[in-house]
Colleague: 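Please read through the structure below; I'll follow up with questions.
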Amino acid sequence: MLAGKHILLIIGGGIAAFKSLDLIRRLAERGATVTPVLTRAGEEFVTPLSVSALAGRKIYRDLFDLGDEAEMGHIQLSRVADLVVVAPATADLMAKMAGGLANDLASTLLLATDTPVMIVPAMNVRMWEHAATQRNLATLRSDGVHVVGPNDGGMACGEFGPGRMSEPLEVVAAIEAHLADGPLKGRRILVTSGPTHEPIDPVRYIANRSSGAQGTAIAHALASLGAEVVFVTGPADVAPPDGVQVVKVQTALQMQQAVNAALPVDAGVFAAAVADWRVTCASDRKLKKSKDGLPSLEFAENPDILKTVCQMKEGRPKLVIGFAAETDDVVENATAKRLRKGCDWIVANDVSPATGIMGGSENAVILISDEGTESWPRMSKDQVAHQLAARIAKALA
Ligand code: CTP
């Protein structure tokens with residue numbers, strides 16, 4: 001399954017480093033070539049000899065090893081692999097990556113690489129839950145770094161909770177899934193998701209009930225078929241999926257900017273529930289109750305992001321998919337919406353409260369295209385996503 005694939009494995013300094021020895025063995029068994037890099041701290045936990053013996057290859061340890069520079073410079077070393085895996089990824093390594101530090105071989109390789117990067121975090125539960133680590137994690141995710149684990153469980157330090165490194169076979173499965181040649185390999189796809197928040201003042205905003213669950217599931221399904229996904233999300237209830245480039249926004253205007261910055265793409269899936277209006281007179285101070293009466297809000301219409309992309313004269317994505325959340329005359333309204341906006345497909349759904357779709361885990365959609373109207377049975381949002389991703393793959397083939 002991994003025959004012919006080349007993994008650059010960076011082993012950080014944590015007690016879980018012993019699992020990386022097994023990981024090397026499992027990868028080698030499956031035909032992968034593993035080039036190991038051991039950090040200084042990593043050497044405290046596993047020996048260079050055991051790592052290189054298992055990998056059957058030279059181990060790299062030092063940025064200033066001139067012999068290595070002559071043989072293979074650190075830039076080249078960072079780019080020869082199909083995937084860079086950091087396991088265990090310690091809090092320190094994650095912080096270095098998030099901050100763009102390059103003060104040893106591992107961090108320099110990670111900054112210089114143009115190869116996808118996967119981290120397998122392992123650390124004490126308090127370190128994992130610390131705001132700094134969670135901030136770094138969010139940064140790394142939005143940089144497109146794939147994150148595997150950590151698992152919950154008892155730790156070497158005696159504490160219990162998230163922070164245990166994923167088991168070697170779980171890491172192998174994630175690597176295999178990532179390197180699988182999916183039908184969307186080489187395709188760049190934009191997905192918008194979640195609601196937007198339109199401020200009234202620093203503490204109040206106008207929003208809607210979108211949870212972001214459907215858009216998140218679609219982004220995940222597209223990535224699992226090998227697409228490079230740019231995921232532009234408003235403040236959603238669900239966490240963004242792994243393995244996609246995440247751009248977080250608050251307002252419709254910010255979403256439009258992020259979408260423009262993501263272009264060109266092969267396809268765009270506009271699942272966001274963008275607020276139609278913004279408050280023009282949003283105050284930079286909290287509005288106070290007053291004897292003089294109620295505040296009055298003035299609105300301006302937000303740009304229609306989907307329509308703007310559909311009507312691009314140059315560089316329009318080959319496939320543009322809109323969503324239509326309706327409460328009445330679903331097919332009629334969605335059909336008109338597709339024509340008005342100019343999108344290729346529209347995914348319509350009935351979001352009347354009785355359906356439980358908005359904010360729920362299921363969806364019942366109607367796909368409307370040039371080819372007609374197709375009602376899909378009610379299924380989980382994940383299944384809708386996988387079915388839609390498969391359709392997209394077919395359309396872009
Ligand atoms: N959309 C968008 N930008 C907007 C409004 C909507 O990109 N400012 C996109 C949504 O992401 C969705 C589609 O347009 O893919 C339809 O959104 P919807 O809210 O159903 O349609 P509206 O144009 O807002 O029409 P209405 O609210 O009148 O039903």
Side-chain angles (χ1 to χ4, degrees), residues 189-199 205-219 222 229-236 238 240 247-263 265 267-280 299-312 316-317 319-353 355 357-359 363-369 373 381 384-385 388-389 391-392 395:
I189 303 186
L190 164 75
V191 178
T192 71
S193 182
T196 63
H197 285 182
E198 308 297 331
Y205 55 83
I206 294 173
N208 59 64
R209 293 186 195 282
S210 167
S211 64
Q214 187 63 83
T216 302
I218 292 169
L222 291 166
V229 176
V230 185
F231 183 63
V232 177
T233 177
V238 292
V247 187
K248 288 190 177 164
V249 298
Q250 294 282 327
T251 67
L253 289 178
Q254 290 168 353
M255 185 171 276
Q256 186 183 41
Q257 271 179 5
V259 164
N260 288 341
L263 298 174
V265 292
V269 182
F270 292 80
V274 185
D276 288 326
W277 308 285
R278 67 180 177 279
V279 178
T280 48
F299 291 96
E301 195 162 314
N302 274 327
D304 191 322
I305 306 169
L306 170 65
K307 190 170 174 183
T308 313
V309 170
C310 286
Q311 297 181 354
M312 284 169 64
R316 180 192 190 277
L319 180 64
V320 183
I321 304 169
F323 274 68
E326 307 289 344
T327 53
D328 309 283
D329 305 323
V330 177
V331 174
E332 203 174 85
N333 278 331
T335 305
K337 203 170 268 184
R338 182 173 92 89
L339 297 176
R340 196 166 66 240
K341 304 217 181 201
C343 50
D344 303 296
W345 302 352
I346 207 152
V347 179
N349 54 10
D350 185 345
V351 291
S352 310
T355 64
I357 284 174
M358 212 152 197
N363 207 350
V365 307
I366 303 163
L367 182 65
I368 304 172
S369 70
T373 298
K381 287 185 176 173
V384 170
L388 189 67
R391 281 294 182 87
I392 293 171

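All values below were derived from every heavy atom in this structure, side-chain atoms included, with hydrogens, water molecules and symmetry-related copies excluded. Counting starts at 1 for both ligands and their atoms, following the listed order.
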Colleague: Closer than 4.0 angstrom: is that true for some heavy atom of Ala273 and an atom of ligand 1?
Modeller: no
Colleague: Give a yes or no on whether the backbone of Val309 and the side-chain of Arg316 come within a donor-acceptor separation of less than 3.5 Å.
Modeller: no
Colleague: Without swapping roles, check the side chain of Glu198 against the backbone of Val279 for a donor-acceptor pair under 3.5 Å.
Modeller: no
Colleague: Among protein heavy atoms, which lies nearest atom 5 (C) of ligand 1, and at what distance?
Modeller: Val274 CB, 3.8 Å
Colleague: Looking only at atom types and distance, does a side-chain atom of Thr192 sit under 3.5 Å from a main-chain N or O of Ala272, one as donor and one as acceptor?
Modeller: yes
Colleague: Under 3.5 Å between any N/O of Thr192 and any N/O of ligand 1: does that happen in this structure?
Modeller: no
Colleague: Does an N or O anywhere in Phe270 fall below 3.5 Å from an N or O of ligand 1?
Modeller: yes
Colleague: Would you confirm whether Glu326, through its side chain, and Val331, through its main-chain N or O, come within 3.5 Å as a donor-acceptor pair?
Modeller: no
Colleague: Report the nearest protein non-hydrogen atom to atom 24 (O) of ligand 1: residue, atom name, distance rounded to 0.1 Å.
Modeller: Asp276 OD1, 2.7 Å
Colleague: Measure the distance from atom 13 (C) of ligand 1 to every protein heavy atom, then report the residue, atom name and distance (to 0.1 Å) of the closest one.
Modeller: Phe323 O, 3.0 Å
Colleague: For the residue pair Trp277 and Phe299, does the interplanar ring angle fall in the parallel (under 30°), tilted (30 to 60°) or perpendicular (over 60°) class?
Modeller: perpendicular
Colleague: Using a 4.0 Å heavy-atom threshold (strictly under), name the region of Ile305 that reaches ligand 1: side chain, backbone, both or neither.
Modeller: both
Colleague: What pair of heavy atoms forms the shortest contact from Ile346 to Cys343, and how long is it?
Modeller: CD1-SG, 4.1 Å
Colleague: Return yes if some donor-acceptor pair links the side-chain N/O of Asn208 with the main-chain N/O of Ala273 below 3.5 Å, else return no.
Modeller: yes
Colleague: Go through ligand 1 atom by atom and flag the ones less than 4.0 Å from a non-hydrogen atom of Ala272.
Modeller: 10 (C), 11 (O)
Colleague: Got an N/O contact under 3.5 Å between Ala275 and ligand 1?
Modeller: no
Colleague: Give the residue, atom name and distance (to 0.1 Å) of the protein heavy atom nearest atom 6 (C) of ligand 1.
Modeller: Lys341 NZ, 3.6 Å
Colleague: Within ligand 1, which atoms have a heavy atom of Pro303 less than 4.0 Å away?
Modeller: 3 (N), 4 (C), 8 (N)
Colleague: Hey, does the side chain of Arg338 reach the backbone of Asp344 with a donor-acceptor pair shorter than 3.5 angstrom?
Modeller: yes
Colleague: Take every heavy atom of Ala252, measure it against each atom of ligand 1, and state whether any distance is under 4.0 Å.
Modeller: no
Colleague: Considering both backbone and side-chain atoms of Glu326, is one of its nitrogen or oxygen atoms within less than 3.5 Å of a nitrogen or oxygen in ligand 1?
Modeller: no
Colleague: Nearest non-hydrogen atom to atom 7 (O) of ligand 1 belongs to which of Thr308, Ile346, Leu306?
Modeller: Leu306
Colleague: Give yes or no for whether the N/O distance cutoff of 3.5 Å, strictly under, is met between Gly322 and ligand 1.
Modeller: no
Colleague: Yes or no, since that's all I need: does a protein heavy atom fall within a distance strictly under 4.0 Å of atom 26 (P) of ligand 1?
Modeller: yes
Colleague: For Gln311, does the CD atom sit with more than 12 other heavy atoms under 6.0 Å from it, leaving out its own atoms?
Modeller: yes
Colleague: With backbone taken as N, CA, C and O and side chain as the heavy atoms from C-beta onward, which portion of Lys337 lies under 4.0 Å from ligand 1: side chain, backbone, both, or neither?
Modeller: side chain
Colleague: Is a donor on one side and an acceptor on the other found under 3.5 Å between the side chain of Thr308 and the backbone of Asp304?
Modeller: yes
Colleague: Which of these, Val347, Ile321, Val320, sits in a side-chain contact (heavy atoms from CB on, under 4.5 Å) with Phe270?
Modeller: Val320
